[in-house]
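I have placed the structure first, in the form of structure tokens, so that the comments after it can refer back to it.
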Amino acid sequence: MNILVTGGAGYIGSHICIELIQTGHEIIIVDNFSNSDMEVINRLEAITKKKIIFLPIDICNQEEFEKVFQNYSIDSVIHLAGSKSVLESLNDPIKYYLQNLVCTIQLVSLMNKYKVHQLVFSSSATVYGTPEQCPIPETATLKTENPYGTTKLAVEKFLYEFAQSNHSFSIVLLRYFNPIGAHESGMIGEDPFTIPNNLMPYITQVATGKLPFLDIYGNDYSTLDGTGIRDYIHVVDLAKGHVKALESLKEKYGWRVFNLGTGEGYSVLQVVKTFEYVSGIPIPYLISDRRKGDVAISYADATKAKQQLNWAAEKTLEDMCRDAWRWQRNNPNGYKVGNIREGQLVYLTDL
Ligand code: UFG
């Protein structure tokens, strides 16, 4: 199938592209490179040994974006393009409502016009807000606590109502828990443009010496060691979940939603200890105040995806830490210059 991947050069998108190519799909990447790097495309070509069609277009530029539908034969869309920082969304809600909500509506209207009826949408466990129960099933109450989350939920609702009105569409929403790790080649991974907000890229940058220590946001939660618990999922497992979701689109019409998580929660300290174990590098940390907006515990009930998509996460927390570290160690500056060259890549056995 020919798959249009919006945001395909991003952290999650790039891993999805590899899995799509390796399962025989043709891909077209559309990305405005606002939070990604052109070098990703070179790396994807090196890993897959395939020439990749990529179009440096902003999906919000409707005129430009429409040309993609005119010029390429597209069977399905995996839609990841959007902004994802909770903090930024609090400071700039207009940007989030425009990019995440309005541009998704425009995308769906183009899909409708050009009769592309299959969509996988990248949603987030953020739509559960502070969960009432863990593990969290897809049927849990939805509520959001910041503009980023609200735009994800608004898109979910829009897609639901759209699917009610148009029975030729098949739409799957995937609610991601906490994707971490990197491709085992060590050639692609998470490369935040600024000081990382998220735990794993922060840890890996402490490990390279780029950052002096980790701030652990609170050790007074009601958890086994007082630190927050999350459902960390290897980004390659997450990518495989997209391929399964995509393949299910042709079997069922309408709107469906799935959690993509492992179903297991780990505390911040457990992640730190596991990282130290697999890398052999101590991670200095300080306990600081709780971060505003953080919940104590969040992990998925992942049974629906297993039953209906025949998908389950397979990689362990050790795999996640090892792969995240290999990526960061091979690419201390992310995709920017000054990294170790391909011939000098460090493999697991060298660690
Ligand atoms: N944490 C630290 N120090 C850090 C960064 C994080 O202690 O420097 C802790 C957090 O307090 C939390 C855990 O590590 O307990 C995970 O934090 P992340 O920032 O990695 O992930 P979040 O669970 O806060 O956020 C993720 C996504 C969001 C999404 C949210 C809910 O990044 O986009 O899950 O699904 F909205």
Side-chain angles (χ1 to χ4, degrees), residues 1-61 64-84 99-100 103-104 106-108 110-111 114 116-124 152 155 159 169-174 176 179 182-183 187-191 235-250 258 260 309 311 335:
M1 285 205 293
N2 295 338
I3 321 294
L4 171 65
V5 188
T6 76
Y11 168 49
I12 296 172
S14 54
H15 288 84
I16 293 173
C17 288
I18 293 178
E19 296 305 316
L20 288 171
I21 292 169
Q22 289 180 343
T23 47
H25 298 287
E26 301 292 329
I27 62 162
I28 301 151
I29 294 178
V30 165
D31 202 300
N32 68 358
F33 294 98
S34 63
N35 193 25
S36 52
D37 196 291
M38 288 275 193
E39 173 62 16
V40 172
I41 307 296
N42 298 331
R43 306 274 177 110
L44 289 180
E45 290 185 338
I47 293 167
T48 62
K49 310 214 171 2
K50 280 248 183 183
K51 186 90 195 120
I52 285 172
I53 302 173
F54 85 93
L55 308 164
I57 289 173
D58 190 330
I59 64 155
C60 299
N61 181 338
E64 283 287 297
F65 193 33
E66 180 155 9
K67 290 186 196 146
V68 179
F69 286 84
Q70 288 164 345
N71 295 336
Y72 293 90
S73 155
I74 299 166
D75 299 303
S76 315
V77 177
I78 298 184
H79 176 42
L80 301 116
S83 294
K84 61 172 189 178
Q99 286 191 351
N100 292 2
C103 298
T104 301
Q106 287 173 357
L107 161 71
V108 173
L110 284 175
M111 290 176 68
Y114 290 91
V116 180
H117 290 158
Q118 300 189 345
L119 172 66
V120 176
F121 173 66
S122 140
S123 190
S124 163
K152 286 286 178 196
V155 171
L159 291 174
F169 264 72
S170 178
I171 300 173
V172 167
L173 314 183
L174 300 175
Y176 309 158
H183 190 259
M187 290 174 71
I188 61 166
E190 191 166 9
D191 180 23
V235 65
V236 171
D237 276 335
L238 189 88
K240 288 183 172 159
H242 287 71
V243 177
K244 291 283 192 186
L246 184 85
E247 287 167 353
S248 82
L249 289 173
K250 51 186 183 294
F258 298 96
L260 292 187
L309 298 178
W311 169 89
Y335 291 107

For [X] against [Y], the heavy-atom pair lying closest together:
{"X": "Met1", "Y": "Gln118", "result": "SD-OE1, 4.1 Å"}
{"X": "Gly189", "Y": "Tyr335", "result": "N-OH, 3.2 Å"}
{"X": "Asp31", "Y": "Gly10", "result": "OD2-N, 3.6 Å"}
{"X": "Val236", "Y": "Ala182", "result": "CG2-O, 4.2 Å"}
{"X": "Ala245", "Y": "Val172", "result": "CB-CG1, 3.9 Å"}
{"X": "Gly8", "Y": "Leu44", "result": "O-CD1, 4.5 Å"}

| Audit row: Ile53, Tyr72, side-chain contact (heavy atoms from CB on, under 4.5 Å) steps and yes/no | CA-CA 10 Å; Ile53 302 173; Tyr72 293 90; 3.7 Å; yes
Gap between atom [atom2] of [Y] and atom [atom1] of [X] - 0.5 Å precision:
{"X": "Cys17", "Y": "Ile188", "atom1": "SG", "atom2": "CD1", "result": "8.5 Å"}
{"X": "Ile171", "Y": "His79", "atom1": "CD1", "atom2": "NE2", "result": "11.5 Å"}
{"X": "Ile18", "Y": "Arg43", "atom1": "CD1", "atom2": "CZ", "result": "11.0 Å"}
{"X": "Ile28", "Y": "Phe54", "atom1": "CD1", "atom2": "CZ", "result": "13.5 Å"}
{"X": "Ile27", "Y": "Leu20", "atom1": "CD1", "atom2": "CG", "result": "6.5 Å"}
{"X": "Ser122", "Y": "Leu238", "atom1": "OG", "atom2": "CG", "result": "8.5 Å"}

| Does anything in residues 236-246 pair up under side-chain hydrogen bond (donor to acceptor under 3.5 Å, both in side chains), and if so which pairs, sequence neighbours excluded? |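 For residues 236-246: Tyr176-His242.
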| query | Tell me, which pairs form a disulfide (SG to SG under 2.5 Å) where one or both residues lie in residues 21-60, sequence neighbours left out? | reply |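 Sorted result for residues 21-60: Cys60-Cys103.
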Under 4.5 Å between any side-chain heavy atoms of [X] and [Y], yes or no?
{"X": "Met38", "Y": "Pro56", "result": "yes"}
{"X": "Ile52", "Y": "Ile21", "result": "yes"}
{"X": "Trp311", "Y": "Leu260", "result": "yes"}
{"X": "Val235", "Y": "Tyr11", "result": "yes"}
{"X": "Leu309", "Y": "Phe258", "result": "yes"}
{"X": "Tyr114", "Y": "Val68", "result": "no"}
{"X": "Phe69", "Y": "Leu107", "result": "yes"}
{"X": "Phe65", "Y": "Thr6", "result": "yes"}

| task | Verify side-chain contact (heavy atoms from CB on, under 4.5 Å) between Asp58 and Glu64, making sure each step is shown before the conclusion. | result | CA-CA 8 Å; Asp58 190 330; Glu64 283 287 297; over 6 Å; no
| request: Could you tell me how the ring of His183 sits relative to the ring of His15: parallel (under 30°), tilted (30 to 60°) or perpendicular (over 60°)? | output: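 Rings of His183 and His15: tilted, as their planes differ by 30° to 60°.
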| query | Stepwise, does the side-chain hydrogen bond (donor to acceptor under 3.5 Å, both in side chains) test hold for Asn42 with Glu45? | reply | CA-CA 5 Å; Asn42 298 331; Glu45 290 185 338; over 6 Å; no
| task | Decide side-chain contact (heavy atoms from CB on, under 4.5 Å) for Lys84 and Asn35; before the verdict, give the C-alpha distance in whole Å, the side-chain angles of both, and the deciding distance to 0.1 Å. | result | CA-CA 10 Å; Lys84 61 172 189 178; Asn35 193 25; 4.0 Å; yes
| task | With side-chain contact (heavy atoms from CB on, under 4.5 Å) as the test, would you mind laying out the steps for Glu39 and Met187 before giving the verdict? | result | CA-CA 10 Å; Glu39 173 62 16; Met187 290 174 71; over 6 Å; no
| task | Check Asp75, Leu246, Val5, Ile78 against His25 for a side-chain contact (heavy atoms from CB on, under 4.5 Å) and give me the one that passes. | result |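 The single option meeting the side-chain contact (heavy atoms from CB on, under 4.5 Å) with His25 is Leu246.
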| message | Taking Ser83's backbone N and O only, do any of them form a donor-acceptor pair with Asn100's side chain (distance below 3.5 Å, no angle check)? | response |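 Judged by distance alone, yes, a pair lies under 3.5 Å.
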